[in-house]
Chemist: 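Dropping the structure in here first, questions after.
Only heavy atoms go into these numbers, but all of them, side chains included; no hydrogens, no water, no symmetry mates.
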Amino acid sequence: MNDHYDVIIVGTGAGGGTLARELGQAGKKILILERGSFLPREKQNWDTTSVFLDNRYHTDETWSDKDGKPLHPGTGYWVGGNTKVFGAAMFRLRERDFETLEHEDGVSPEWPLKYDVFEPYYARAEAIYHVHGKSGVDPTEPPRSNDYPFPPFSNESRMQTISDAIAGLGFKPYPVPLGLKLNEADRLRSPCIRCDTCDGFPCLIHAKSDADIDGVRPVMDRDNVTLITEAKVVNININASGTAVTGVEVELSENDGVARVSFTGDIVAICCGAINSAALLLRCRSDRYPNGLANSSDMVGRHFMFHNADAMVALSTHENDDKYMKTWGINDFYFGEPGYPYPMGSIQPVGSFKKDMLRSDA
């Protein structure tokens, strides 16, 4: 544990898990630190009450909002991070998303790097995470160097009817890019069984392409890779002159309490999520860095990253027996419409719906 590492990776979610796979396969000596453990495979993985009402896979931490009121975050600490319970829709940003983009509530500033720089990495990520899709259908789709690595999901009966009706109105439905391991041509050998417990549920049969199954596990047994779970990074260490990061301080869970140890590395990658990455940097205050590390702008933690979405429930006289529904979407309003020049994003069905998913909100 006192060895020096080429890279220390803090967190194993979409960023950390993917980085661990790439660096591990490249032969780098890496240390992966995850504050949680492996999410257990158990019947409750697919139990709606356990997942959505009991919040079995969310942390029981209590945070505080800006007014000091208690806040219970919908996040979990597991190998794989929140990709263990994500909806597996894996979109690329559009070219215009990297430019200055005016929204109704403000301006999204121009990125220093543009889409063409990211395109080869999008292609690699889609291969790693088994993304199903079809290019040339979505009118907002950015240029691609190749088609999706796997064919799109088919629509079940009710979703096909609705998709056809929407196309009849002049809109352009397209197959949602999905990171799920479904082989519709050979269902016998398909890891995914196309069930009705996907969005928001951990996958009991490991058919969801998450950062645990497709990022960490392919490399965690390599000699050049060390994975420590239940390891919470509490400080980022810097050298005496304050000009370089040298490692991290970690709280390790033990049978009789918590031990605090240090690890050193040439590079430290902070990949513990939008909120916890900011919180960690802000906690690393010192005389030299009174606002925390990497915060000369004083912007770290000041803006909120959120999966901004509304869910609408439609009632119909037609019964819907479809099991997995998030197979099509429309982006006709992604950048606005005549008379409303502001982005409105994507529209798509939910993966599956059970009444207990909305009971707490109702």
Chemist: Examine distances only and state if a side-chain atom of E119 and a backbone atom of S145 form a donor-acceptor pair shorter than 3.5 Å.
Modeler: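 At least one qualifying donor-acceptor pair exists.
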Chemist: Closer than 3.5 angstrom, by distance alone: can the side chain of H130 be matched with the main-chain N or O of I128 as a donor-acceptor pair?
Modeler: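 Checking the backbone N and O of I128 against the side chain of H130, a donor-acceptor pair under 3.5 Å is found.
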Chemist: Which residues satisfy the salt bridge (charged side-chain N to carboxylate O under 4.0 Å, His left out) test with R260, sequence neighbours excluded?
Modeler: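 With sequence neighbours excluded, R260 shows a salt bridge (charged side-chain N to carboxylate O under 4.0 Å, His left out) to E249, given in chain and number order.
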Chemist: Over all heavy atoms of both residues, which pair between A89 and V176 is shortest? Give the atoms and the distance, please.
Modeler: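 That closest heavy-atom pairing would be CB-CG1, 4.0 Å.
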Chemist: If the plane angle is over 60° it's perpendicular, under 30° parallel, otherwise tilted; pick one for F333 and F171.
Modeler: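 Ring orientation of F333 relative to F171: tilted.
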Chemist: Report yes or no: do T243 and N239 form a side-chain donor-acceptor pair below 3.5 Å?
Modeler: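 Distance-only check passes for T243 and N239.
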Chemist: Would you indicate whether D223, at its atom CG, is surrounded by more than 12 heavy atoms from other residues, nucleotides or ligands within a distance under 6.0 Å?
Modeler: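 It does not: D223 CG has 12 such atoms or fewer within range.
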Chemist: Check the pair F335 / L101 against side chain to side chain contact (heavy atoms under 4.5 Å, CB included), numbers first and verdict last.
Modeler: CA-CA 9 Å; F335 290 114; L101 191 59; 4.0 Å; yes
Chemist: Please check this pair: side chain of T83 against backbone of D210, looking for a donor-acceptor N/O pair closer than 3.5 Å.
Modeler: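 The answer is no, because no donor-acceptor pair under 3.5 Å joins these two groups.
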Chemist: Would you check if there is a donor-acceptor pair between the side chains of H4 and D266 at a distance under 3.5 Å?
Modeler: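 Distance-only check passes for D266 and H4.
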Chemist: Compute whether any side-chain donor of one residue and acceptor of the other, for D47 and N45, lie under 3.5 angstrom apart.
Modeler: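 D47 vs N45: no donor-acceptor pair found between side chains.
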Chemist: Decide yes or no on side chain to side chain contact (heavy atoms under 4.5 Å, CB included) for M357 and V51, but give the supporting numbers first.
Modeler: CA-CA 9 Å; M357 292 180 178; V51 173; over 6 Å; no
Chemist: Are Y174 and I162 connected in a single hydrophobic cluster, I mean Ile/Leu/Val/Met/Phe/Trp/Tyr linked by side-chain heavy atoms less than 4.5 Å apart?
Modeler: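 No, it is not one cluster - the side chains of I162 and Y174 are not joined through contacts under 4.5 Å.
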Chemist: Is there a donor-acceptor pair closer than 3.5 Å between any side-chain N or O of D356 and the backbone N or O of R359?
Modeler: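 A pair under 3.5 Å: no.
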Chemist: Would you give the length of the straight line joining atom CD of Q348 to atom CH2 of W328, rounded to the nearest 0.5 angstrom?
Modeler: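 Spacing of CD (Q348) from CH2 (W328) equals 9.0 Å.
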Chemist: Decide whether I228 and V225 are clustered together by the hydrophobic rule: side chain heavy atoms of Ile, Leu, Val, Met, Phe, Trp, Tyr closer than 4.5 Å, transitively.
Modeler: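 Each belongs to a different hydrophobic cluster.
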Chemist: Check whether any side-chain N or O of R217 sits under 3.5 Å from a backbone N or O of D214 as a donor-acceptor pair, and report yes or no.
Modeler: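 The answer is no, because no donor-acceptor pair under 3.5 Å joins these two groups.
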Chemist: Look at the aromatic rings of F153 and Y324 and report parallel, tilted or perpendicular, splitting at 30° and 60°.
Modeler: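 Answer is tilted, since the angle falls between 30° and 60°.
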Chemist: List for me each residue that meets side-chain contact (heavy atoms from CB on, under 4.5 Å) alongside K134, sequence neighbours excluded, and say none if there are none.
Modeler: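 For K134, the residues satisfying side-chain contact (heavy atoms from CB on, under 4.5 Å) (neighbours in sequence not counted) are V137, P152, P175.
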Chemist: Can a donor-acceptor pair be found, under 3.5 Å and without considering hydrogens, that links the side chain of K208 to the backbone of F86?
Modeler: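 Answer holds: yes.
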Chemist: Going by atom types alone, do S135 and R144 pair a side-chain donor with an acceptor below 3.5 Å?
Modeler: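 The answer is no; no qualifying pair exists.
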Chemist: Using a 4.5 Å cut-off between side-chain heavy atoms of Ile, Leu, Val, Met, Phe, Trp and Tyr, which other residues end up in the same hydrophobic cluster as L188?
Modeler: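 Members besides L188: none; it forms no cluster.
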Chemist: Find out if a path of hydrophobic residues (ILVMFWY) with successive side-chain heavy-atom gaps under 4.5 Å connects V261 to Y5.
Modeler: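 In one cluster with V261: Y5, yes.
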Chemist: Going by atom type alone, with no hydrogens or angles, which donor-acceptor pairs under 3.5 Å involve a side-chain atom of residues 12-20 and a protein atom two or more places apart or on another chain?
Modeler:
from: T12; atom 1: OG1; to: E34; atom 2: OE1; distance (Å): 2.6
from: T12; atom 1: OG1; to: G80; atom 2: N; distance (Å): 3.0
from: T18; atom 1: OG1; to: A14; atom 2: O; distance (Å): 2.6
from: T18; atom 1: OG1; to: Y129; atom 2: OH; distance (Å): 2.6

Chemist: For the CD atom of E126 and the CZ atom of F91, what is their distance to the nearest 0.5 Å?
Modeler: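 Answer rounded to 0.5 Å: 11.5 Å.
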Chemist: Using every non-hydrogen atom in the two residues, find where P290 and R285 come nearest and quote the distance to one decimal.
Modeler: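 Closest approach of P290 to R285: O-CD, 3.3 Å.
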Chemist: How about Y57 and N82: does a side-chain donor come under 3.5 Å of a side-chain acceptor?
Modeler: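 No, no side-chain donor-acceptor pair sits under 3.5 Å.
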Chemist: CD of E141 to OH of Y334: how many Å apart, nearest 0.5 Å?
Modeler: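 Between atom CD of E141 and atom OH of Y334 there are 12.0 Å.
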Chemist: What I want to find out is whether R158 reaches D322 closely enough, with some N-O distance under 4.0 Å, to be called a salt bridge.
Modeler: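 Salt bridge: no.
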Chemist: When rounded to the nearest 0.5 angstrom, what distance separates NZ in K84 from CG in L39?
Modeler: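 Output value for this atom pair is 6.0 Å.
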Chemist: Using 0.5 Å steps for rounding, measure from the NE2 atom of H132 to the NZ atom of K181.
Modeler: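 Answer rounded to 0.5 Å: 9.0 Å.
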Chemist: Going by atom types alone, do E104 and Y340 pair a side-chain donor with an acceptor below 3.5 Å?
Modeler: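 A pair is found: one side chain offers a donor N or O, the other an acceptor, under 3.5 Å apart.
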Chemist: For D67, look at atom CG and say whether over 12 heavy atoms of other residues, nucleotides or ligands are found less than 6.0 Å away.
Modeler: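 Atom CG in D67 is crowded, with more than 12 foreign heavy atoms closer than 6.0 Å.
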Chemist: Going from CG on L31 to OG1 on T264, what distance comes out if it is rounded to the nearest 0.5 angstrom?
Modeler: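 If we round to the nearest 0.5 Å, L31:CG and T264:OG1 are 9.5 Å apart.
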Chemist: If you apply the rule side chain to side chain contact (heavy atoms under 4.5 Å, CB included), what do you find for L282 with V300, and how did you get there?
Modeler: CA-CA 7 Å; L282 292 173; V300 172; 4.1 Å; yes
Chemist: Please determine, by modelled atom types, if E156 and T327 share a side-chain donor-acceptor pair under 3.5 angstrom.
Modeler: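 No, no side-chain donor-acceptor pair sits under 3.5 Å.
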Chemist: Would the distance check show the side chain of D65 and the main-chain N or O of P70 forming a donor-acceptor pair, the cut-off being under 3.5 Å?
Modeler: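 Pair absent, no side-chain N/O of D65 close to backbone of P70.
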Chemist: Tell me if the centroids of the rings in F118 and F98 come within less than 6.0 Å of each other.
Modeler: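 Yes, ring centres under 6.0 Å apart.
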Chemist: For L180 and C198: C-alpha separation, side-chain torsions, deciding distance, then whether side chain to side chain contact (heavy atoms under 4.5 Å, CB included) applies.
Modeler: CA-CA 9 Å; L180 301 170; C198 192; 3.8 Å; yes
Chemist: Just by distance, do the side chain of T229 and the backbone of S37 share a donor-acceptor pair under 3.5 Å?
Modeler: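 Side chain of T229 to backbone of S37, a donor-acceptor pair under 3.5 Å: no, none is there.
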Chemist: Apply side-chain contact (heavy atoms from CB on, under 4.5 Å) to I205 and list each qualifying residue two or more places apart in sequence or on a separate chain.
Modeler: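 I205 satisfies side-chain contact (heavy atoms from CB on, under 4.5 Å) with W46, I193, C203, A207 only.
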Chemist: Would you say R288 and S241 are linked by a side-chain donor-acceptor pair, where the criterion is simply a distance under 3.5 Å?
Modeler: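 S241 vs R288: no donor-acceptor pair found between side chains.
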Chemist: Can we say K29 and D3 salt-bridge, meaning some charged N sits less than 4.0 Å from an Asp/Glu carboxylate O?
Modeler: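 Answer for the salt bridge query: yes.
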Chemist: Less than 4.0 Å between a side-chain N and a carboxylate O, is that true for R94 and D138?
Modeler: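 Looking at R94 together with D138, the answer is yes, because their closest N to O distance falls below 4.0 Å.
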Chemist: Between Y342 and H103, is the ring centroid distance below 6.0 Å?
Modeler: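 No; H103 has its ring centre 6.0 Å or more from that of Y342.
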Chemist: Is K323 atom NZ crowded by more than 12 heavy atoms from other residues, nucleotides or ligands, each under 6.0 Å away?
Modeler: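 Atom NZ in K323 is not packed in, count stays at 12 or less.
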Chemist: Check for a donor-acceptor pair, side chain of N291 on one end and backbone N or O of N295 on the other, with a separation under 3.5 Å.
Modeler: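 No; judged by distance alone, with no hydrogens or angles, the pair does not exist.
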Chemist: Does the side chain of T49 pick up a donor-acceptor pair with the side chain of D54 at under 3.5 Å?
Modeler: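 Side chains of T49 and D54: no pair found under 3.5 Å.
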Chemist: Please determine, by modelled atom types, if Y115 and R92 share a side-chain donor-acceptor pair under 3.5 angstrom.
Modeler: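 Looking only at side-chain atoms, R92 and Y115 do form a donor-acceptor pair, the distance falling under 3.5 Å.
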Chemist: Would you check if there is a donor-acceptor pair between the side chains of E184 and S154 at a distance under 3.5 Å?
Modeler: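 Yes.
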Chemist: In terms of hydrophobic clusters joined by side-chain contacts under 4.5 Å, are L227 and L23 together?
Modeler: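 Both belong to a single hydrophobic cluster.
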Chemist: Honestly curious: do M90 and Y122 fall in one hydrophobic cluster under the side-chain, below-4.5 Å linking rule?
Modeler: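 Unlinked, M90 and Y122 end up in two clusters.
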Chemist: Could you list the donor-acceptor pairs under 3.5 angstrom formed between side-chain atoms of residues 269-281 and any protein atom two or more places apart in sequence or on another chain?
Modeler:
from: N276; atom 1: ND2; to: Y77; atom 2: OH; distance (Å): 3.3
from: S277; atom 1: OG; to: C272; atom 2: N; distance (Å): 3.1
from: S277; atom 1: OG; to: G273; atom 2: N; distance (Å): 3.4
from: S277; atom 1: OG; to: G273; atom 2: O; distance (Å): 2.8

Chemist: Is the backbone of S163 close enough, under 3.5 Å, to the side chain of N155 for a donor and an acceptor to pair up by distance?
Modeler: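 No; zero donor-acceptor contacts below 3.5 Å.
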